[in-house]
There are 2 protein chains.
Amino acid sequence: MALALLKVCNLHATPRLADCRHCAMRSLAICSALDLVELDALESVVLPITRHAGQSLFHEGDALDQVFIVTGGYLRTFKLLADGRRQITGFPTVGDFLGLAGKETHGFGAEALTQARLCQVKRRDMDDLLGRFPDLRKRLLDLARHELALAQEQQLLLGRKTSRERVASFLLALVERDKRNPGNRAGFVALPMTRGDIGDYLGLTLETVSRVFSAFRRERLIDTSEDGVARILDRDGLEALAAGDGG
Amino acid sequence: MALALLKVCNLHATPRLADCRHCAMRSLAICSALDLVELDALESVVLPITRHAGQSLFHEGDALDQVFIVTGGYLRTFKLLADGRRQITGFPTVGDFLGLAGKETHGFGAEALTQARLCQVKRRDMDDLLGRFPDLRKRLLDLARHELALAQEQQLLLGRKTSRERVASFLLALVERDKRNPGNRAGFVALPMTRGDIGDYLGLTLETVSRVFSAFRRERLIDTSEDGVARILDRDGLEALAAGDGG
DNA sequence: CGGTTCGTTGATTCGTGTCAAAAACCGTGG
DNA sequence: CCACGGTTTTTGACACGAATCAACGAACCG
């Protein structure tokens, strides 16, 4: 599962100081709301860190005294039941903000899916920044609103869609998200997660996910011959499925 | 289904002007962050309105140019699929804020479940207030964060819990929420919604909800002889179920 | 190479959904 | 007060979609 994506950028170098000014995801993340003065303030409190695949970033219930902005790679966020059942709530990637859900403690756990790079900011420092720069708080509110809308869309998926509809919706959501940062081949989506991860995100088992992928392949909706990537062959077909009209 | 709750407060009177200062839910809603000056500003842009049971407040996709604060009664918010399948995302009540999810358009529809009273605020006026009073913006961000945490908890429920676990979690969540405003009998929760509504909230059919209620009654976990209200008989039993350890 | 993880596919089970019917409840008006 | 139609709830019989259990091959790795 060696992702070509990950090999081109050097995820292993971990500078001691952040260079927000030249950061590739400045246009994406909350940082985009900041002018140069504000950027200096942010830079002074940011600590760049890395995590290797499988490594935990924080656990559900941990004190929320650090927040993160993803600058490279993929993660998964999830909640657990007592007996180990897992619900993945998202696959954060470049530009995403971690630490919005919950007040005193993290509302979910987070683990690196691939080698990942992040900017770590102390909660106190973040609150300080939010107090000093009103635009930043506005941006964070917009972000929270967007996250909330996505979470409710996922509720519709989990509560009312069939397995085929879920997988179709998942693929299309990835297409939408990949658009955010250019450099992805049109019609392709990165799938750095396992079938088990996808299942835990969609409320299905890994076997069901695998079967639906096979069916979609047979029906010429997608192509998965390339590893870690899916090619969308029939977007309209997937759209129809995801919307829930065409069985 | 005549709720005693609804009869004590006069929901039919619709004053022309808001009286935020003496509003009963001042301590609950976002209003609690406001001092008297700010309250005056709010009061001048608020329009009190009512909706009768079943009436729509807004539809999914409507332009988001009004937001609402519930001051009486119950509503339901929901998303629909093309063929009519429905996912209810919440049952807003006194103190709840409507209009957080989505940017340009409403991310869900909203209907009155019972006779309901609300404070309506123009989006422009709200944005204006948010600009003038930083505390209000902070309060709204906290609200959005809380909503997000709840939405993710619901994802865990919809994706990974059994029907019994879902109903147990639902009842306990109502207990938690009812605590927010006093005046509710301890150990009782209001159930102003139908079995169908509960099903559409929990990702189940109304028949399954009914069966689980019957089972819980047989097992002496709850009592539903009083209409529109459930009495919690064995909170620990429900907690164990909701957490997902005890079968 | 052996060990491990991941993906695929098949056989079977099981929890909910679906369909149907009756009972309980509601407000209304005679 | 009771009869009425409409809605909601309950319960049963049955069907079906996804989960479970199991086997196998492919890719990866030390």
Q: According to the salt bridge (Lys or Arg N to Asp or Glu O under 4.0 Å) rule, which pairs have a member within residues 68-81 of chain A, sequence neighbours left out?
A: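 Sorted result for residues 68-81 of chain A: A:Glu60-A:Lys79, A:Arg76-A:Glu111, A:Arg76-A:Asp197, A:Lys79-B:Glu153.
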Q: Can you tell me if A:Thr194 touches the phosphate of C:dT5, counting only side-chain N or O atoms and a distance under 4.0 Å to OP1 or OP2?
A: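 Checking C:dT5 against A:Thr194, no side-chain N or O comes under 4.0 Å of OP1 or OP2.
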Q: Rounded to whole Å, please give me the gap between NE2 in B:His52 and C1' in C:dG27.
A: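 That distance rounds to 16 Å.
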Q: Using whole Å, report how far NZ of A:Lys161 lies from C1' of D:dA18.
A: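 From A:Lys161 NZ to D:dA18 C1': 18 Å.
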Q: Distance check needed: D:dT11 P versus B:Phe216 CZ, whole Å only.
A: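 These atoms are roughly 14 Å apart.
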Q: Would you indicate which nucleotide in C:dT8, C:dC6, C:dC26 comes nearest to any side-chain atom of B:Asp227?
A: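 The closest nucleotide is C:dC26.
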Q: D:dA18 C1' sits how many Å from A:Leu157 CG, rounded?
A: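 About 15 Å, once rounded to whole Å.
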Q: Please identify each residue that fulfils ring pair (Phe, Tyr, Trp, His ring centres under 6.0 Å) with B:Phe68, with sequence neighbours left out.
A: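 Ring pair (Phe, Tyr, Trp, His ring centres under 6.0 Å) check on B:Phe68 returns B:Phe58.
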Q: Between C:dC6, C:dG10, C:dT8, which nucleotide has the shortest distance from any of its atoms to the side chain of A:Arg211?
A: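 That would be C:dG10.
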Q: Side chains of B:Thr77 and B:Thr89: donor-acceptor distance under 3.5 Å anywhere?
A: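 Yes.
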Q: Taking CZ from A:Arg166 and C1' from D:dA19, how many angstroms apart are they, rounded to a whole number?
A: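 It is 13 Å, rounded to the nearest whole Å.
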Q: So, OP1 or OP2 of D:dT11: does either fall under 4.0 Å of a side-chain N or O from B:Ser214?
A: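 Yes, because at least one side-chain N or O of B:Ser214 sits under 4.0 Å from OP1 or OP2 of D:dT11.
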Q: Where along residues 200-209 of chain A does a heavy atom come under 4.0 Å from DNA chain D, residue by residue in number order?
A: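 Those residues are A:Gly203, A:Leu204, A:Thr205, A:Glu207, A:Thr208.
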Q: So, A:Asp178 and A:Arg185, do they make that salt bridge, N to O below 4.0 Å?
A: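 Salt bridge between A:Asp178 and A:Arg185, a charged N being under 4.0 Å from a carboxylate O: no.
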Q: In whole Å, I'd like the distance from the CD1 atom of A:Ile222 to the C1' atom of C:dT8.
A: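 Computing the A:Ile222:CD1 to C:dT8:C1' distance gives 14 Å.
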Q: Without placing hydrogens or testing angles, list every side-chain donor-acceptor pair under 3.5 Å for residues 228-242 of chain B, not counting sequence neighbours.
A:
from	atom 1	to	atom 2	distance (Å)
B:Asp234	OD1	B:Asp236	N	3.4
B:Asp234	OD1	B:Gly237	N	2.8
B:Arg235	NH1	B:Glu239	OE2	2.4
B:Arg235	NH2	B:Glu176	OE2	3.4

Q: Answer with base, sugar-phosphate or nothing: what part of the nucleic acid does A:Arg217 contact at a heavy-atom distance below 4.0 Å?
A: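 Sugar-phosphate, backbone atoms only, no base.
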Q: So A:Arg145 and B:Glu147, salt bridge (charged side-chain N to carboxylate O under 4.0 Å, His left out) or not? Walk me through it.
A: CA-CA 9 Å; A:Arg145 295 170 73 132; B:Glu147 286 289 307; over 6 Å; no
Q: Counting the atoms with a prime plus P, OP1 and OP2 as sugar-phosphate, which does A:Ser163 contact under 4.0 Å by heavy atoms, base, sugar-phosphate, or nothing?
A: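 Result for A:Ser163 = sugar-phosphate.
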Q: With sequence neighbours excluded, tell me which residues meet ring pair (Phe, Tyr, Trp, His ring centres under 6.0 Å) with A:Phe91.
A: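 Listed in chain order: A:Tyr201.
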Q: So that I can tick it off, tell me whether A:Arg195 and A:Asp200 are bridged by a salt bridge, with the cut-off set at under 4.0 angstrom between side-chain N and carboxylate O.
A: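 No.
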Q: Looking at B:Asp83 and A:Arg160, does any basic side-chain N land under 4.0 Å from a carboxylate oxygen?
A: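 No, B:Asp83 and A:Arg160 are not salt-bridged.
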Q: Just how far, in rounded Å, is P of C:dT18 from CZ of B:Arg195?
A: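 That distance rounds to 19 Å.
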Q: Would you kindly give the CZ-to-P distance between B:Phe213 and D:dT11, to the nearest whole Å?
A: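 To the nearest whole Å, that distance equals 13 Å.
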Q: Estimate the overall bend of the helix from C:dC1-D:dG30 to C:dC26-D:dG5 from the end axes over five pairs each, rounded to 10 degrees.
A: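 The angle, to the nearest 10 degrees, is 40°.
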